[in-house]
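What follows is a short report on a single structure.
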Amino acid sequence: MGASCWCARLGDTTAVNGRLHIALDFVMRLFLAIAASLLFPTIVTASPPPQANVIIQWNNAALQRTRDAKLGAPMVARALAVVHTCMYDAWAAYDDRAVGTQLTGALRRPVSERTEANKARAISYAAYRALIDVMPVDADSVYVPLMKKLGYDPDDISTDIETPTGIGNVACAAVLEFRHHDKSNQLGDLAQGQYSDWTHFRPVNTPSTIPMRLPAIHPIDVSHWQPLTYVDSTGSLVTQMFMGAQWCFVTPFAMSSGDEFRGAVQSLPPAVYGSAEYQGQADELVAMSAGLTDQQKMMVEYWSDGPDSEQALGHWNLFAQFVSARDRHSVDDDVKMFFALSNAMLDASIAAGDAMRAYDSVRPITAIPLLFRGKKIRAWGGPGKATVEMDGSQWLPYQPAAFPTPPFPDFVSGHSTYSAAAATILTSWTGSDRFGYWVTIPVGSSKIEPGITPAHPVVFRWETFSDAANQAGISRRYGGINFRRADQAGRMLGRVVAANAWSKAESYFDGTAKLQVRNDLLMTEDLKAH
């Protein structure tokens, strides 16, 4: 029986060789992947090479400057929205139906001029003018080299709207004039310094060190946000201020005001101190901290988008570049997709800023040490220490010591809001939630635990945009940045805001926004007459 079986197997040499070949191929591929991850510790993604159209090139320039400019997330949202709106308004002059946000159809050019070359030139001048305004940089840095590479003179300030250069300059100037008065305080004319808080917000609690020194010198209101004092990556002592405290008043893209959709989160407000929910949300984060796996740690770091990164907004712009390459977009496709995406995230930043100021809710880094003071807990013990037993007052989030928690209240989570909004727009644009993107995080590439975490390559794969958005939200809980309700409410808010922004964007694409503008003007004149 055994010999018979053995002979039968030997007889099927083709099948055996085929299976052997497949097995050896798999082993070789696995070996090369592991070797590459060890020798070249960079994140490997599923992204095909980005299309080299002007939208992608200027988007990359904006993201590079974002990494260097060190603006806060709300300011990045606005900057990217301004840049892509300027590009869209310039492009609209060469479309047969689309209208610009400021000059509607006044710049429209005849069919004979609607060439790819003219679109590219107009878009590039608009992008260049926008970027040097919202994210200034030395002349020889990112923007000028790109203009010269594309064959354009960055010093050409023509306003002749019969030329693509003039179209780009004029369209952008109109957008910038509008945005300079949107209450963001970009120019610093409403208070001291660019984007400074002209509303003079004052926190309820005095700043705390990290970890908190207990007993505290001043009484702490455990229902409200507390600023932190720590040493940043430059060695400077930092005392937080509410970044973008004025953001709830910024003029939105599609919303009537920053609080228009506050009702979307009123059914899920921050937990009240003393309630079972308040204690439960803290218990959850402590348990998450104690059980952190390498995969969860790298999830936190992948989605952190803190200083020196393109921020959460730019992260989704990179995802959009993948969609552009995947779906073989034209310039027309990309200018519209990025216009809708960036403006939805601008509105998400405003709506999130409104909730943050309205609820002014406590962060985990304040609540957990107070709740567990004098009690033994198990939690992450710091870089390289894994899970240890500690006094609860010493609890820390899984974050870099130089940036322990963002400088604004907990509710709602900005990451959750931005990501849900972006996923909604990309789903609306493509007509499907299908994403199909993946990244591989190499061994030892952690910035918090370098050389240690992860012990093995970690792969994140998102079949849908929703999968990616949901992971971005929960990553902030694994990292000890946000409580559950801040994450869940942020996701709800982002979806509602984006649906509204998508509808507004479509009205610009099909030209019906022009009629709305005219109706608004007629209504204003009618009111004046009466």
Side-chain angles (χ1 to χ4, degrees), residues 66 71-85 101-102 134 175-176 178-187 190-191 194-199 201 225 241-266 305 311-314 316-317 338-361 406-425 469 473 482 486 489-505 508:
T66 296
L71 294 175
M75 295 77 194
V76 170
R78 178 182 176 276
L80 293 176
V82 169
V83 172
H84 282 289
T85 298
T101 63
Q102 298 304 310
V134 295
V175 174
L176 294 179
F178 170 69
R179 279 292 163 195
H180 285 170
H181 305 286
D182 68 356
K183 300 185 178 65
S184 66
N185 203 24
Q186 176 198 335
L187 303 180
L190 299 176
Q194 185 184 44
Y195 293 118
S196 55
D197 174 25
W198 51 270
T199 68
F201 174 88
W225 175 64
M241 299 179 66
F242 186 159
M243 179 187 292
Q246 78 278 19
W247 220 250
C248 55
F249 300 111
V250 172
T251 304
F253 165 68
M255 298 186 298
S256 59
S257 62
D259 63 356
E260 181 177 355
F261 297 114
R262 194 188 299 171
V265 301
Q266 286 179 343
D305 296 315
Q311 302 279 349
L313 302 308
W316 281 92
N317 271 28
F338 281 100
F339 170 74
L341 177 65
S342 61
N343 278 290
M345 289 197 288
L346 170 61
D347 276 12
S349 76
I350 296 169
D354 171 76
M356 289 175 187
R357 180 150 179 164
Y359 290 99
D360 188 31
S361 61
F408 33 76
D410 172 65
F411 188 91
V412 295
S413 164
H415 269 62
S416 301
T417 310
Y418 299 139
S419 297
T424 300
I425 291 296
N482 289 112
R491 299 187 205 188
M492 292 168 54
L493 183 60
R495 289 191 289 267
V496 172
V497 167
N500 184 61
W502 174 249
S503 178
K504 183 71 171 180
Y508 285 115

Got a donor-acceptor contact below 3.5 angstrom from the R179 side chain to the A81 backbone? no

Shortest non-hydrogen contact between A348 and V497, atoms and distance: N-CG1, 3.6 Å

Would you say that Y508 contacts T101 through its side chain, given a criterion of any heavy-atom pair below 4.5 Å between the two side chains? yes

Do V265 and V412 have side chains that approach each other closer than 4.5 Å (heavy atoms only, starting at C-beta)? yes

To the nearest 0.5 Å, what is the distance between CD1 (I350) and CD (E260)? 11.5 Å

Going by heavy atoms in the side chains, are V496 and N500 under 4.5 Å from each other? no

About how many Å separate OH of Y418 and CG of L493, when rounded to the nearest 0.5 Å? 11.0 Å

Nearest 0.5 Å, what's the CG-CD distance between L71 and Q186? 9.5 Å

All heavy atoms of M345 vs all of N317, minimum pair found to be CE-OD1, 3.6 Å

Give every donor-acceptor pair under 3.5 Å between a side-chain atom in residues 242-254 and any protein atom, sequence neighbours left out.
from : atom 1 : to   : atom 2 : distance (Å)
Q246 : NE2    : S184 : O      : 3.0
Q246 : NE2    : Y195 : O      : 3.0
W247 : NE1    : S349 : OG     : 3.0

How far does CG of L313 sit from OG1 of T66, to the nearest 0.5 angstrom? 8.5 Å

Quick check: do H415 and N482 have side-chain heavy atoms less than 4.5 Å from each other? no

So, does D347 use its side chain to make a donor-acceptor pair with the main chain of M255 at under 3.5 Å? yes

Keeping the roles fixed (side chain from S361, backbone from F411), state whether a donor-acceptor pair exists under 3.5 Å. yes

Angle class for the F201/W225 ring planes (parallel below 30°, perpendicular above 60°, tilted otherwise)? tilted

Is there a side-chain contact between F261 and S256 (heavy atoms, below 4.5 Å)? no

Report yes or no: do R357 and T199 form a side-chain donor-acceptor pair below 3.5 Å? yes

Taking every heavy atom of A469 against every heavy atom of A423, the minimum-distance pair comes out as CB-CB, 3.8 Å

Work out which heavy atom in L190 is nearest to a heavy atom in K183; give both atom names and the distance. CD1-CA, 4.4 Å

